Amino acid sequence: MNSIPPFDLTEQYKLIGEEVGAAVLEVLASGRYIGGSPVEQFEQQFAQYVGASQGIACNSGTDALYLALRSLNIGAGDEVITTPFTFVATAETISAVGATPVFVDIDAATFNLDLDQVEAAITDRTKAIIPVHLFGQPVDMTRLMEIAQKHQIPVIEDCAQSTGAEWQGSKVGGIGQIGCFSFFPTKNLGACGDGGAVITNDEAIAAKVRMIRDHGQYQKYRYEEVGVNSRLDAVQAVILQIKLRHLDQWNTQRQTIADRYAQLLRPLPGIVLPQSMAGGKSVWNQYTIRVLSEGKPGNERDRVKQRLQEQGVSSMIYYPLPLHLQPVYASLGYQPGQLPVSEQMAQEVLSLPMFPELSPMQQDQIVYALKDSLAVG
Ligand SMILES: *Cc1c(COP(=O)(O)O)cnc(C)c1O
């Protein structure tokens, strides 16, 4: 029995390796490694894919969020509403521009921001809302945009885990004022290294993102603001162009795997399966179940994870401690129990292996191991 990793990029490389190799060698032979047409072409193709007019590539998803916040002039004294149940970059970038993250609890059914609680968190200082389409599942953008528009607050979508996901037929990232994407290798569209992009329909925002990305200059050697150096390499741009052509197919494969997980796991007691929302199309960056402890002593999820590991199945915990309780945010003064759903989910979530090439046989092995793990004790 072979062990199963949480994700495996080698199968995908077998499919596109030859094409990727040739494209990379072409860039190497060209002598142009920074900027140039591969990057510009990818920016256009990616913006078109998302359904927005402007695409700006950068060094990472983290930088995309940072650039988006800077482009809206968000800084010291400002508040930005977001979820505590996300990767640290979502809040870290709010802090990096000098603003304060305001954490709102999540909805247990979707792991996404609880929109019933967003409006109450809005103050005079709120300068943006950052919803995260977590695990590939879109936030109800109709409702969020209604709230945001009523209070005239821009929405920055964190789409790092949701490239290709849709809300009511529109791709996420093009619905709010700005969409931020990551091309970290394990995201739905992953580079062979770091990469990210900012997407918008607002030309002024796009120009400002480009300016800050390039050391704060619109014009060479004339610096308007303190900028950064955040570039997507030409090598990554050609790889991403190739992979973008496969993205919809890969997302369809993820959907098939998610459907099969749902079918095979449905009869199991003690777990809750991820639910899809009407109107949303998830791209399943993760397949995250909840393992309930239900009166059992200690944490049943941790035991199940351990038993899966003993049977060669690697699972992951996204995320073990919500951001409002992290040491880095102790100074914000949140107390345990304050955002109870996020805290409970951190105790229960378990992400099963999920990648487009996961075979039915591997999936059977995972399901068998999970059934076995749940039955023990
Ligand atoms: C991965 C991720 C990021 C950061 O992307 P990087 O490219 O790794 O910098 C931001 N937000 C979320 C929700 C992520 O999953």
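What you see is a predicted model, and the numbers here were worked out from it, not measured in a lab. Every number for a ligand or one of its atoms is a count from 1 in the order of the listing.
Residues Y261 and I257 have side chains in contact (heavy-atom distance under 4.5 Å, counting atoms from C-beta outward). Between D202 and Q177, every side-chain heavy-atom pair lies at or beyond the 4.5 Å cut-off.
Using a 4.5 Å cut-off between side-chain heavy atoms of Ile, Leu, Val, Met, Phe, Trp and Tyr, with links allowed through other members, L134 and M345 fall into the same hydrophobic cluster. Criterion: ILVMFWY side-chain heavy atoms under 4.5 Å apart, direct or through other members. Under it, F42 and V235 are not part of a common hydrophobic cluster.
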Pairs under 3.5 Å, N/O atoms on ligand 1 and on the protein: can you put them in a table with the distances?
unit_1   : atom_1 : unit_2 : atom_2 : d
ligand 1 : 5 (O)  : S182   : OG     : 3.3
ligand 1 : 7 (O)  : G61    : N      : 2.8
ligand 1 : 7 (O)  : S182   : OG     : 2.6
ligand 1 : 9 (O)  : G61    : N      : 3.4
ligand 1 : 9 (O)  : T62    : N      : 2.9
ligand 1 : 9 (O)  : T62    : OG1    : 2.5
ligand 1 : 11 (N) : D158   : OD1    : 3.3
ligand 1 : 11 (N) : D158   : OD2    : 2.8
ligand 1 : 15 (O) : Q161   : NE2    : 2.8
ligand 1 : 15 (O) : K187   : NZ     : 2.8

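The closest side-chain donor-acceptor pair between Q249 and Q253 falls under 3.5 angstrom.
In this structure, K187 is not positioned above the aromatic face of F181 in the sense of NZ or CZ being under 6.0 Å from the six-membered ring centre and within 45° of the axis.
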